[in-house]
Amino acid sequence: MRHRPSHPRVVLRRVLGTGRAVLIAGIVVLVVGPAVFTWVSGQDMVRVIGGSMEPTYMLGDIITLKPPTGDDLVLNAVITINDDSGALVTHRIIAVNGDEATTQGDANNSADTTPLVQSMVVGVVTGAVGQPLAGVLHSLETLPARISLLAVIGGLAILPLPGAARSRRADSQHDAQAAADPHGADQPAVGSGPDISTPTDVAVPPRPAADQLDFIAELFAESSGTTVADRSSV
């Protein structure tokens with residue numbers, strides 16, 4: 001069975017369809033991805049609002065925190081704690097002395113004055129999401145942004161692709177023809193090439209005299225209501 005090459009319109013429609021599916025999947029991942037990550041991993045996602053840990057974590061980055069285990073005072077670990085004012089601070093442990101540890105921000109010139117104890121640990125940093133993805137995720141935290149993205153997904157899902165209706169009609173006609181003539185589906189269509197059985201550039205020879213008389217008689221018989229078949233059976 002021969003396969004006809006795909007029409008450019010069909011190829012374009014397939015490319016656009018694939019691109020639309022990828023775009024919708026990407027939007028869905030951006031919207032529900034953070035919630036799924038925190039639910040599956042049990043970790044929290046926190047936005048960096050200060051520059052004390054630059055260049056390790058930049059302003060606006062998102063860091064992931066695993067819950068404390070009770071044994072988190074490890075040298076060089078980056079931890080998030082509650083300071084005296086109740087604010088969250090993320091710094092690195094630069095020294096450990098028994099049940100206490102000393103912390104310092106990577107961008108700071110001096111260590112923190114308040115000793116760190118295990119009860120102050122809120123979480124241990126396990127990773128980070130940098131820009132620009134962190135900015136996109138942060139902007140999607142607002143309700144209007146989520147509603148807008150849901151509207152975009154709905155619009156993309158129902159948006160017809162170029163030539164889709166015409167392709168469906170062509171497929172229906174092809175299926176109907178294939179069902180009526182399953183052996184002729186791969187045959188060239190009528191009128192697709194020159195008709196060599198009735199050439200238009202061949203002159204029709206004149207009828208012989210005897211044939212002309214018979215032809216006149218047949219016309220007369222047909223005009224009187226008698227068909228050629230009836231007349232030949234008499």
Side-chain angles (χ1 to χ4, degrees), residues 18-157:
T18 302
R20 178 173 65 179
V22 172
L23 181 58
I24 292 176
I27 295 175
V28 171
V29 169
L30 288 176
V31 173
V32 305
V36 172
F37 171 79
T38 56
W39 179 69
V40 173
S41 67
Q43 302 186 36
D44 292 325
M45 302 182 71
V46 181
R47 185 167 178 258
V48 178
I49 59 174
S52 64
M53 283 298 294
E54 293 182 357
T56 306
Y57 306 119
M58 305 298 292
L59 180 66
D61 288 354
I62 296 177
I63 57 177
T64 56
L65 304 176
K66 70 177 182 179
T69 62
D71 190 20
D72 301 307
L73 303 185
V74 179
L75 185 64
N76 206 41
V78 180
I79 50 90
T80 298
I81 64 174
N82 271 319
D83 64 5
D84 297 335
S85 63
L88 294 179
V89 177
T90 299
H91 282 176
R92 187 182 304 276
I93 296 178
I94 61 173
V96 178
N97 184 15
D99 295 336
E100 295 182 350
T102 302
T103 57
Q104 179 179 339
D106 290 355
N108 294 345
N109 296 324
S110 59
D112 301 329
T113 57
T114 303
L116 169 66
V117 294
Q118 178 63 45
S119 60
M120 298 169 59
V121 177
V122 175
V124 180
V125 178
T126 59
V129 179
Q131 302 295 336
L133 181 57
V136 174
L137 293 177
H138 178 67
S139 65
L140 294 180
E141 293 177 358
T142 61
L143 182 60
R146 292 178 179 268
I147 294 176
S148 300
L149 283 180
L150 290 177
V152 170
I153 292 175
L156 290 174

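Residue numbers count from 1 along this sequence.
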(request) Give the minimum heavy-atom separation between Ser52 and Thr90, together with the two atoms involved. (result) OG-O, 4.1 Å
(message) Tell me which pairs pass side chain to side chain donor-acceptor pair (under 3.5 Å) where either residue lies in residues 95-104, with sequence neighbours left out.
(response) Thr103-Asp112
(request) For residues Gly130 and Asp61, report the shortest heavy-atom separation together with the two atoms involved. (result) CA-OD1, 3.6 Å
(message) Testing the basics here: between Ala134 and Ile62, what is the closest heavy-atom pair and its distance to 0.1 Å?
(response) O-CD1, 3.7 Å
(message) Heavy-atom count check: over 12 atoms from other residues, nucleotides or ligands less than 6.0 Å from Ile49 CD1?
(response) no
(request) Could you pull out all residues at least two apart from Thr64 that satisfy side-chain hydrogen bond (donor to acceptor under 3.5 Å, both in side chains)? (result) Thr126
(message) By the side chain to side chain donor-acceptor pair (under 3.5 Å) test, which pairs, at least two apart or in different chains, include something from residues 27-36?
(response) none
(message) Applying salt bridge (charged side-chain N to carboxylate O under 4.0 Å, His left out), can you list everything that pairs with Asp106, at least two apart in sequence or on another chain?
(response) Arg92
(message) Just to verify, what does Asp72 make a side-chain hydrogen bond (donor to acceptor under 3.5 Å, both in side chains) with, not counting sequence neighbours?
(response) Thr69, Gln118
(message) Strictly by side chain to side chain donor-acceptor pair (under 3.5 Å), give each pair with a member in residues 26-41 just once, sequence neighbours left out.
(response) none
(message) To check you understand the geometry: which heavy-atom pair defines the closest contact between Ile81 and Val121, and what is its length?
(response) CG2-CA, 4.2 Å
(message) Which heavy atom of Ser139 sits nearest to which heavy atom of Val136, and what is that distance?
(response) OG-O, 2.7 Å
(request) Of all the heavy-atom pairs spanning Ala101 and Ile93, show the shortest one and how long it is. (result) CB-CG2, 3.9 Å
